[in-house]
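Here is the naming used below: chain letters follow the sequence lines, and residue numbers restart at 1 for every chain.
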Amino acid sequence: MSQATESDVTEDGVIESVSGPVVKAVDLDARMNDVVYVGHEGLMGEVIEIEGNLTTIQVYEETSGVSPGEPVESTGSPLSVDLGPGMLDTIYDGVQRPLDVLEEKMGSAFLDRGVDSPGIDLERTWEFTPEVEEGDEVSRGDVVGTVPETESIDHKVMVPPDALEDDETAEVVSIESGNFTVTETVAELDNGEEVTMRQEWPVREQRPTKNKYTPRTPLVSGQRILDGLFPIAKGGTAAIPGPFGSGKTVTQQSLAKFSDADIVVYIGCGERGNEMTEVIDDFPELPDPQTGNPLMARTCLIANTSNMPVAARESCIYTGITIAEFYRDMGYDVALMADSTSRWAEAMREISSRLEEMPGEEGYPAYLAARLAQFYERAGYYENMNGTEGSITAIGAVSPPGGDFSEPVTQNTLRIVKTFWALDADLAERRHFPAINWNESYSLYRDQLDDWFVDNVADDWPELRQWAIDVLDEEDELQEIVQLVGKDALPEDQQLTLEVARYLREAYLQQNGLDEVDRYSPPEKTYRILQGIKSFNDEAFEALDAGVPVEEIQSVEAAPRLNRIGTTPDDEADEFVSDIEESLAEQLRELY
Amino acid sequence: MKEYKTITEISGPLVFAEVDEPVGYDEIVEIETPDGTTKRGQVLETSDGLVAIQVFEGTTGINRDASVKFIGETLQMPVTEDLLGRVLDGSGRPIDDGPDIVPEERRPIVGEAINPYSREYPEEFIQTGVSGIDGMNTLVRGQKLPIFSSSGLPHNDLALQIARQATVPEEEEGDEEGGSEFAVIFGAMGITAEEANEFMEDFERTGALERSVVFMNLADDPAVERTVTPRLALTTAEYLAFDKGYHVLVILTDMTNYCEALREIGAAREEVPGRRGYPGYMYTNLATIYERAGRIKGEEGSITQIPILTMPSNDITHPIPDLTGYITEGQIIVDPDLNSKGVEPPINVLPSLSRLMDDGIGEGLTRGDHGDVSDQLYAAYAEGEDLRDLVNIVGREALSERDNKFLDFAERFEREFVEQGFDANRDIEETLDVGWDLLSMLPKQALNRIGEEYIEEYYQEDEAEAVTADD
Ligand SMILES: Nc1ncnc2c1ncn2[C@@H]1O[C@H](COP(=O)(O)OP(=O)(O)OP(=O)(O)O)[C@@H](O)[C@H]1O
Ligand SMILES: [Mg+2]
């Protein structure tokens with residue numbers, strides 16, 4: 001997090017009471033949302049309520065042992081993050097303290113209290129290459145130069161939004177290439193403004209942009225059921241609700257690994273420590289399918305696990321989205337995953353109840369819906385201040401109690417997001433993964449993204465998808481009858497439809513997130529698998545029309561090989577499908 | 001250390017007292033009742049002039065004349081390797097007539113969170129000898145894998161079986177010296193004396209007690225004490241694992257009683273209750289227990305947790321199992337129907353899950369076909385299970401030959417794979433071989449989750465024919 005220097009610290013207050021993460025102080029001269037240091041150990045906190053002389057603070061660290069009478073100091077500035085090169089390939093806690101630095105400073109694997117650290121390394125130098133020249137006019141947000149942040153990403157150094165008024169320009173009076181730390185001036189403007197690589201930004205405030213557009217490009221996820229049936233746009237919003245163990249985290253991680261975003265911000269909000277460790281272990285090893293570079297080179301991780309202080313869990317979402325906005329400002333497509341937004345909502349609830357606020361539905365504060373909406377509103381496809389286009393795609397996991405979607409967090413989220421990937425315990429139990437229920441899920445972006453798929457993958461992408469949806473719908477209806485009378489009681493054509501639907505489920509919708517090949521399915525392969533199943537469908541129905549009994553069609557040898565396309569390497573998949581198609585035609589035609 | 005006689009209110013497990021000097025949040029309090037007994041408690045809320053105290057041993061006997069003493073520190077657990085072999089009460093005091101415990105160190109029981117950056121991802125296969133676990137929901141070192149059960153089911157037998165049989169196969173073969181030692185920490189919360197005896201007898205019979213530390217809070221012990229028992233147990237576990245290099249298995253039972261105690265305190269504080277009356281912060285609170293498991297980079301030892309909980313009305317959506325499942329790395333479900341069928345252990349594998357399984361199994365760890373076999377067994381058992389409902393309506397004759405095979409499969413899966421008794425110790429080879437015996441009764445083409453090379457190697461052709469011939 002952004003660090004206040006000693007001299008910023010102003011008036012002292014005195015602790016009046018302590019109850020878990022909520023501390024009240026008297027005589028503190030601070031504004032709403034100011035960062036304060038609490039007690040002798042200087043625990044970091046934020047002002048969340050002011051009533052007369054009494055200031056309420058949420059503390060981002062454990063408060064055991066803190067007592068009334070201890071001092072509180074205000075920094076006079078709101079909770080902010082440090083923005084600049086070095087955020088990628090880094091793991092932060094909920095208030096942007098780098099976890100590796102904390103480990104070093106604390107000298108222990110356990111998180112101690114009262115240790116602070118800047119969000120970006122103030123000492124490290126970066127190689128700066130100017131993009132403008134002396135004498136050029138720049139306005140706010142304009143890129144003055146770049147530094148190679150990681151092997152995948154060039155970090156753009158921008159004129160801070162608060163350096164100039166909107167529409168105001170300034171002349172660059174000096175700029176030079178060379179190695180600089182993030183606090184050294186890389187460019188000077190004629191209004192006296194000194195541009196450095198580091199910007200500070202209050203996390204609860206959206207960074208300014210010029211325009212917000214309707215998104216028309218998909219965030220290609222490499223997940224068949226998503227790209228194929230429920231695609232999300234770059235700049236779109238999605239919710240993944242589901243009971244425990246249904247696959248929210250695996251889905252989010254798959255998106256973080258394989259989606260064609262430039263930058264990934266992954267927020268582990270109130271979830272497991274080991275899941276973050278897994279990401280830290282895997283991402284430096286795994287190649288980004290777009291660039292071939294390690295995934296970590298485009299990733300920023302924020303980990304405030306379930307046992308870390310609850311107030312920092314409340315703030316981690318804001319820390320994450322502010323970092324995402326900064327990369328969007330540079331013109332990048334950012335994908336942000338929040339796992340889980342329910343834990344964030346619960347953190348709000350916990351703080352709210354300690355404040356004895358009037359509880360709304362199920363004890364959540366009345367402002368729950370507003371906060372959720374504000375968060376997802378910061379996503380979108382934007383025209384930036386500097387004229388570039390960038391996007392933030394926000395994907396939130398939701399963990400409804402008892403897996404019941406009627407609860408407030410799920411419901412309020414669904415009112416905002418445009419993509420709904422409903423996870424289903426029943427599918428997960430039978431190890432149908434991803435356990436996304438195709439009857440309940442939807443994407444409101446589907447139609448506006450069709451053009452892209454038609455232009456880039458196949459002309460009949462929408463038609464083929466519709467065919468698959470129709471078959472699955474029909475299966476759903478037929479299953480109800482089967483539950484009553486058994487499959488054999490159905491007419492033969494319906495039995496065959498069930499067989500086709502089974503291949504749709506097993507060969508197309510199912511995708512093994514843990515298989516080295518299957519975990520990522522490029523759109524061409526996704527399309528080709530569907531084509532293969534359609535070929536089976538067409539050949540099989542022809543055979544049926546020619547009088548071949550359905551049992552014989554079902555036992556045709558080539559058909560089960562459809563299930564193996566997923567695990568066939570991408571460059572062999574096309575040939576493999578052609579091969580199946582040929583064998584199918586041959587074997588089925590032999591029957592009549 | 002100041003003493004007060006300023007109690008203003010007593011309400012359920014809570015005592016409120018006036019103070020004229022600041023008292024720290026979470027600090028330990030000693031309350032002496034007029035008849036001379038001392039009770040311990042903890043500061044729940046502190047403000048200028050007034051503190052709220054939760055009393056571990058219950059407030060019976062406390063009145064306005066009781067004296068209140070603030071110790072000036074938070075609750076600590078005295079730790080030493082000498083704790084191994086000892087039996088303590090739910091507050092950490094010895095109850096086994098053994099010698100005094102001379103601590104090497106005293107540690108605050110509110111453990112600090114492990115820095116996620118410092119964790120090491122758990123991936124070392126623990127063989128429990130139970131097929132329903134090893135084959136289908138593999139446990140690894142450093143995992144937290146609870147048993148979800150119901151009253152009257154043999155979850156204790158299963159936990160004991162795991163504690164008895166758990167080994168790491170590689171180490172067994174390798175040099176004994178190199179590997180770390182194994183220790184068991186048993187934290188009982190509100191279990192009956194009879195259950196406690198069951199555990200103690202087994203520990204004594206097998207000699208496990210010597211390498212165990214037992215914390216006992218029984219059903220007739222104070223409920224509020226249950227909120228500290230697991231933290232004492234885990235503080236001890238962390239010391240043994242990360243200071244002394246032990247591989248520690250922590251069994252906590254029954255987490256349901258722990259949660260009831262939380263609810264009781266919440267109600268006494270007149271908090272706004274969350275779902276079904278449990279506190280809104282129960283998720284966070286449980287996380288500060290369950291997350292104290294794992295491995296740390298550069299450390300020898302590990303903490304593996306097997307918490308046991310009984311699901312009220314066998315309802316998995318009840319807040320206790322629900323919030324637990326959202327924190328732990330899977331769950332093993334003990335099922336009443338299988339139990340009444342006589343399946344021992346009655347593990348229902350379908351809703352069970354081990355999230356850390358995938359990295360702990362496969363070539364070089366267990367066996368190359370392990371993942372595929374387990375996936376296929378799941379899919380086939382689920383299919384067979386579905387057909388059971390249908391067969392009740394339409395009868396077996398109305399089902400296709402394929403369906404009938406899946407029905408038979410489900411039956412045999414329960415009888416031969418899951419069922420093994422509480423004394424049998426199957427190694428992973430044996431578990432997988434039983435799996436193949438069963439899979440081989442299905443047609444080859446139906447094995448769509450298994451790599452062709454494994455079908456080639458393990459599928460038993462004659463098995464399938466034999467079954468067909470029977471029909
Ligand atoms: N696409 C997938 N492919 C293979 N296995 C999967 C897939 N999705 C989920 N799984 C399996 O399901 C398990 C649980 O998934 P995951 O951890 O994502 O659940 P979750 O919904 O995040 O649960 P929680 O709410 O408790 O965090 C995984 O450990 C994995 O075994
Ligand atoms: Mg998850």
Side-chain angles (χ1 to χ4, degrees), chain A residues 16-20 24 62-70 91 99-100 102-103 109-112 244-245 268 272-274 276-278 280-281 303 305-308 310 343 346 349-350 353 359 362-363 399 401-404 429-431 482-489 506 514 557 560 563, chain B residues 22-27 45-48 73-74 108 110-122 271-275 280-281 283-284 287-288 291 294 296-297 299 317 319 322 325-327 329-330 350-351 353 355-356 358 375 378-379 382 389-390 393-394 398-400 403 445 448:
Chain A
E16 156 90 17
S17 70
V18 185
S19 165
K24 297 193 180 189
E62 187 58 51
T63 52
S64 287
V66 175
S67 37
E70 291 189 36
I91 175 165
L99 287 171
D100 53 343
L102 292 189
E103 182 190 69
F110 291 87
L111 289 168
D112 201 353
F244 63 80
R272 303 173 184 83
N274 278 330
M276 297 315 293
T277 311
E278 189 181 14
I280 302 171
D281 283 359
T305 56
S306 55
N307 55 339
M308 283 159 77
V310 73
R343 306 301 165 219
E346 284 164 12
R349 176 169 72 184
E350 196 169 328
S353 93
E362 295 197 12
S399 315
D404 177 0
E429 257 187 34
R430 55 190 66 227
R431 299 320 192 240
V482 170
Q483 291 307 315
L484 297 173
V485 296
K487 207 190 300 181
D488 282 9
E506 291 178 358
L514 309 164
E557 254 180 34
N563 285 327
Chain B
V23 173
Y25 172 68
D26 240 12
E27 256 181 40
E45 202 167 318
T46 172
S47 62
D48 210 11
E73 61 173 29
T74 55
V110 185
E112 289 166 337
I114 301 178
N115 185 334
Y117 180 78
S118 312
R119 280 184 184 265
E120 174 152 328
Y121 196 69
E271 292 167 348
V272 182
R275 209 156 71 95
Y281 49 79
Y283 173 84
T284 306
T288 60
E291 275 289 320
I296 290 177
K297 272 189 270 176
E299 298 287 350
T317 69
D322 190 52
Y326 271 124
I327 303 165
E329 286 144 350
L350 291 180
L353 170 71
R355 294 160 194 255
L356 301 183
D358 313 295
D375 270 1
Y378 266 112
D389 295 335
L390 182 59
I393 304 169
V394 299
L399 296 188
S400 67
D403 287 353
Q445 304 89 285
N448 58 351

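The residue among B/A382, B/A113, B/P108 with the most heavy atom pairs within less than 4.5 Å of chain A is B/A113. Ranked by heavy-atom pairs shorter than 4.5 Å toward chain B, the options A/K24, A/R349, A/M276 are led by A/R349. The most heavy-atom pairs under 4.5 Å with chain A, out of B/L353, B/T284, B/D389, come from B/T284. Chain A forms the most heavy-atom pairs under 4.5 Å with one residue out of B/E120, B/K297, B/Q445, B/R275, and that residue is B/R275. Between chain A and the options B/P273, B/G325, B/G330, the largest number of non-hydrogen pairs under 4.5 Å is found for B/G325. Among B/L356, B/V110, B/I393, B/D358, the residue making the largest number of heavy-atom pairs under 4.5 Å with chain A is B/D358. Heavy-atom pairs under 4.5 Å with chain A were tallied for B/G274, B/A287, B/A379; the largest tally goes to B/A287. By number of non-hydrogen pairs under 4.5 angstrom with chain B, the leading residue of A/P68, A/P401, A/S353, A/G273 is A/P68. Comparing A/T305, A/V310, A/I91, A/V485 by heavy-atom pairs within less than 4.5 Å of chain B, the highest count is held by A/V485.
Of the two parts of B/Y281, the backbone and the side chain both hold a non-hydrogen atom closer than 4.5 Å to a non-hydrogen atom of chain A. B/V23 touches chain A through its backbone: at least one of N, CA, C or O sits under 4.5 Å from a heavy atom, while the side chain does not. Only the side chain of A/E506 comes within less than 4.5 Å of a heavy atom of chain B; its backbone N, CA, C and O stay farther away. Both the backbone and the side chain of B/T46 come within less than 4.5 Å of a heavy atom in chain A. Only the side chain of A/E62 comes within less than 4.5 Å of a heavy atom of chain B; its backbone N, CA, C and O stay farther away. Using a 4.5 Å cut-off between heavy atoms, A/L514 contacts chain B through its side chain alone, with no backbone atom that close. Heavy atoms of A/D100 lying under 4.5 Å from chain B belong to its backbone as well as its side chain.
Between A/G402 and B/D322, the closest heavy-atom pair is N-OD2, 2.7 Å. The nearest pair of heavy atoms linking A/D488 to B/A398 is CB-O, 3.8 Å. Across every non-hydrogen atom of A/G65 and B/T74, the tightest pair is N-CG2, 4.1 Å. Smallest separation of non-hydrogen atoms from A/N307 and B/I114: ND2-N, 4.2 Å. When all heavy atoms are compared, the tightest approach of B/P116 to A/T277 is O-OG1, 3.2 Å. Pairing each heavy atom of A/R431 with each of B/L350, the nearest pair is NH1-O, 3.5 Å.
How far CD of A/E350 is from CD of B/E271: 9.5 Å, rounded to the nearest 0.5 Å. Rounding to the nearest 0.5 Å places CG of A/L102 at 6.5 Å from CG of B/N115. Distance OH/B/Y378 to CD/A/E429: 9.0 Å, rounded to 0.5 Å. Between the CD atom in A/E346 and the OH atom in B/Y326 there is a gap of 9.0 Å [rounded to 0.5 Å]. Remark: B/Y25 OH to A/S67 OG distance equals 13.5 Å, nearest 0.5 Å. Rounding to the nearest 0.5 Å gives a distance of 10.5 Å between CD of B/E291 and CE of A/M308.
The side-chain contact (heavy atoms from CB on, under 4.5 Å) check on A/D112 picks up A/M106, B/E112, with sequence neighbours excluded.
Counting heavy atoms from C-beta outward, A/F244 and B/R355 have side chains that approach closer than 4.5 Å.
Between the side chain of A/R272 and the backbone N or O of B/I327 there is at least one donor-acceptor pair closer than 3.5 Å.
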